[in-house]
Amino acid sequence: MERKEEDPNMNFYLNAYSKSNFIIDVLVIITFTLFLFLFLGNKRKFVFSKEWDLSFFKKFLILTFIYLILAFTVPFFLDVSSFIRVRIAWTVLTIALPLFGLVHFVFSKRIVFLFVSIFLVGIKFYSEVWEPNHLDVERILIRSDKIISPIKIVHISDLQTDDIRDLHLKVREEANRFQPDLILFTGDVMNHVSLYPIVTSYLKEFKYNNGFFFVTGDVDHILRYTDFSSKSGSVLWDRKSKVLQVGKNKIGLIGLGLPDYRNKTLIWSLKREIPEDIYSILISHYPDSVLHQPNEKVDLVLAGHTHGGQVQVPFFGPILTLSRVPRHIAAGGLNAYENTDIIVSRGLGAEGHVAPRIRFGARPHLILLELLPANSRKETVKNGI
């Protein structure tokens, strides 16, 4: 495998925000400990108890819950990043509580505390280390009578990385092996401007036959667009619409910039440039663009943004999507909305800044899409490989 392009001071665990994140974690542990000592009645029992006192532990859990509520509300009034609230909760659940559990196990010898601590640390390891580094490659096949011969498309979204590591090299390897006609990138490139050289160099090595098109996402204001396009080999496609020749096919490609996803007039104007008998693809960072289409619908919407929620609960789906599309659409993959196919990528990275870099039930997502003629024997399917 190709040697990883990496800044020794910048990786998934040590990144541009590590210092501030470490300070927040330490402050959370200290304030959480002080909070418990302040309100728990029996301070000695808090650490040294050898007895199972159910009322004490009920109070402990109630105080933990109150602390988390305060952690979620105080930052709101201080007008600081909402991701601080997520980080505080994550630090309490996966660092502070396991530490207290181990202390109680040492003094009480009750094995349940050890099991709870191991379980919470295991959740932390899985969510921060294992799942974010294990790629889900999904093959999607769609048939249409507007397609003459097969078209291969790689859909990438939310690279949103703190480094270039083995996961990203595998993404590029799988994409290049697919031999795509088009690469469509639906925004959010990197978490910090210091990554600019290695990320553009990484993207430059993707192979394609007919073009690499990119629309902007939430964090892409840090990009120098002309320079980024030149160095990454991509074409900025915000607010653009054009009929492309792809093999024997003509494809209408419509691109929306970040603030344009609900601009129904603009979407209608761009769609008008695509004849009705030509297969049309709209690329947008926000999947919500599917909610704001004019009467003349596009055939396919490709989007990202949601990260699949980053945390998905079995039988429920993503806890938080930051999108108005139905939850099952925001969760990722191929779905339909009012006669338009929509594919939402769960993305490859995670929220930056002070947010914990976690994924649970929402693995990094590479989509390999094939558009096929209607008379093809291949059915419309979606498969993870």
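As a basis for the values below, the full set of heavy atoms in this structure was taken, side chains included, without hydrogen atoms, waters or symmetry mates.
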K.L.:
Using the six-membered ring wherever Trp is involved, compare the ring planes of Phe214 and Phe185 and label them parallel, tilted or perpendicular (cut-offs 30° and 60°).
P.N.:
perpendicular

K.L.:
Has Asn191 got a side-chain atom pairing as donor or acceptor with Gln160's backbone, closer than 3.5 angstrom?
P.N.:
yes

K.L.:
Can you tell me if Ser232 and Tyr202 form a side-chain donor-acceptor pair at under 3.5 Å?
P.N.:
no

K.L.:
Would the distance check show the side chain of Asp341 and the main-chain N or O of Ala336 forming a donor-acceptor pair, the cut-off being under 3.5 Å?
P.N.:
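Judged by distance alone, no pair lies under 3.5 Å.
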
K.L.:
May I ask you to decide if Gly352's main-chain N or O and Asp162's side chain share a donor-acceptor pair within less than 3.5 Å?
P.N.:
no

K.L.:
Donor-acceptor pair, distance only, cut-off 3.5 Å: does the side chain of Glu128 make one with the backbone of Arg357?
P.N.:
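It does not hold such a pair.
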
K.L.:
When rounded to the nearest 0.5 angstrom, what distance separates CD1 in Ile254 from NZ in Lys240?
P.N.:
14.5 Å

K.L.:
Just jot down the salt bridge (charged side-chain N to carboxylate O under 4.0 Å, His left out) partners of Lys231, sequence neighbours excluded, or say none.
P.N.:
Asp227

K.L.:
Would you mind telling me which of Val298, Leu369, Leu253 makes a side chain to side chain contact (heavy atoms under 4.5 Å, CB included) with Ile281?
P.N.:
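The side chain to side chain contact (heavy atoms under 4.5 Å, CB included) with Ile281 is passed solely by Leu253 among Val298, Leu369, Leu253.
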
K.L.:
Regarding His305 and Asp188, is there a side-chain donor-to-acceptor distance under 3.5 Å anywhere?
P.N.:
no

K.L.:
If only atom types and distance count, is the side chain of Arg327 paired as donor or acceptor with the main-chain N or O of Pro318 below 3.5 Å?
P.N.:
yes

K.L.:
Checking Thr186 against Ser157: is there a side-chain donor and acceptor pair closer than 3.5 Å?
P.N.:
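The answer is yes; a qualifying pair exists.
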
K.L.:
Looking only at heavy atoms, which two atoms of Val189 and Val219 are closest? And how far apart?
P.N.:
N-CG2, 3.9 Å

K.L.:
State which residues pass side-chain contact (heavy atoms from CB on, under 4.5 Å) with Phe22; sequence neighbours excluded, sorted by chain then number.
P.N.:
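Listed in chain order: Val26.
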
K.L.:
Taking Lys204 for the side chain and Ser230 for the main chain, is one N or O donor matched with an acceptor at less than 3.5 Å?
P.N.:
yes

K.L.:
Could you list the residues that satisfy ring pair (Phe, Tyr, Trp, His ring centres under 6.0 Å) with Phe115, not counting sequence neighbours?
P.N.:
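So Phe115 forms no ring pair (Phe, Tyr, Trp, His ring centres under 6.0 Å) with any residue.
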
K.L.:
May I ask you to decide if Phe206's main-chain N or O and Arg172's side chain share a donor-acceptor pair within less than 3.5 Å?
P.N.:
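Not at all, since once roles are kept as given, no pair shorter than 3.5 Å links the two residues.
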
K.L.:
Please list, chain by chain and in numerical order, all residues satisfying side-chain contact (heavy atoms from CB on, under 4.5 Å) with Ala89, sequence neighbours excluded.
P.N.:
Leu68, Phe72

K.L.:
Taking all atoms of both residues into account, what is the closest heavy-atom pair of Asp158 and Gly347, and its distance?
P.N.:
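The answer is CB-CA, 3.8 Å.
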
K.L.:
For Tyr196 and Phe228, indicate whether the former's side chain and the latter's backbone hold a donor-acceptor pair under 3.5 Å.
P.N.:
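A pair under 3.5 Å: yes.
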
K.L.:
Please confirm whether Phe360 and Tyr126 have ring centers closer than 6.0 angstrom.
P.N.:
yes

K.L.:
Could you give me the CA-CA distance, side-chain angles and deciding distance for Asn249 and Ser149, then say whether side chain to side chain donor-acceptor pair (under 3.5 Å) is met?
P.N.:
CA-CA 7 Å; Asn249 304 277; Ser149 61; 3.0 Å; yes

K.L.:
Could you tell me which non-hydrogen atom of Gly233 sits nearest to which non-hydrogen atom of Tyr208, and how far apart they are?
P.N.:
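For Gly233 and Tyr208, the tightest heavy-atom pair comes out as O-OH, 3.1 Å.
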
K.L.:
Tell me the closest heavy-atom pair linking Thr321 and Thr306, and the distance in Å.
P.N.:
O-CG2, 3.7 Å

K.L.:
Specify the closest pair of heavy atoms between Leu348 and Leu167, including all atoms of both residues, with the distance to one decimal.
P.N.:
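Result for this residue pair: O-CD2, 3.9 Å.
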
K.L.:
Give a yes/no verdict on a cation-pi contact between Lys152 and Phe178, requiring under 6.0 Å between NZ or CZ and the six-membered ring centre and an angle within 45° of the axis.
P.N.:
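Ring-cation test returns yes.
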
K.L.:
Should Lys297 and Glu338 count as an ion pair when the cut-off is N to O under 4.0 Å?
P.N.:
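So Lys297 pairs with Glu338 through a salt bridge.
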
K.L.:
Just say parallel, tilted or perpendicular for the rings of His134 and Trp130, cut-offs at 30° and 60°.
P.N.:
parallel

K.L.:
Is the shortest heavy-atom distance from the side chain of Leu366 to the side chain of Glu138 under 4.5 Å?
P.N.:
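No. Closest side-chain heavy atoms not under 4.5 Å.
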
K.L.:
Of all residues at least two apart in sequence or in a different chain, which pass the side-chain contact (heavy atoms from CB on, under 4.5 Å) check with Ile62?
P.N.:
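If we apply the side-chain contact (heavy atoms from CB on, under 4.5 Å) test to Ile62, skipping adjacent residues, the hits are Ile66.
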
K.L.:
How would you list, by chain and number, every residue that makes a salt bridge (charged side-chain N to carboxylate O under 4.0 Å, His left out) with Asp25, sequence neighbours excluded?
P.N.:
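With neighbours one apart ignored, the set is Arg87.
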
K.L.:
Is a side-chain N or O of Asn176 found less than 3.5 angstrom from the main chain of Glu173, in a donor-acceptor match?
P.N.:
no

K.L.:
Could you tell me if the ring centre of Tyr261 sits under 6.0 Å from that of Tyr286?
P.N.:
yes

K.L.:
Test your reading of the model: is there a side-chain donor-acceptor pair from Asn263 to the backbone of Leu266, 3.5 Å cut-off?
P.N.:
yes

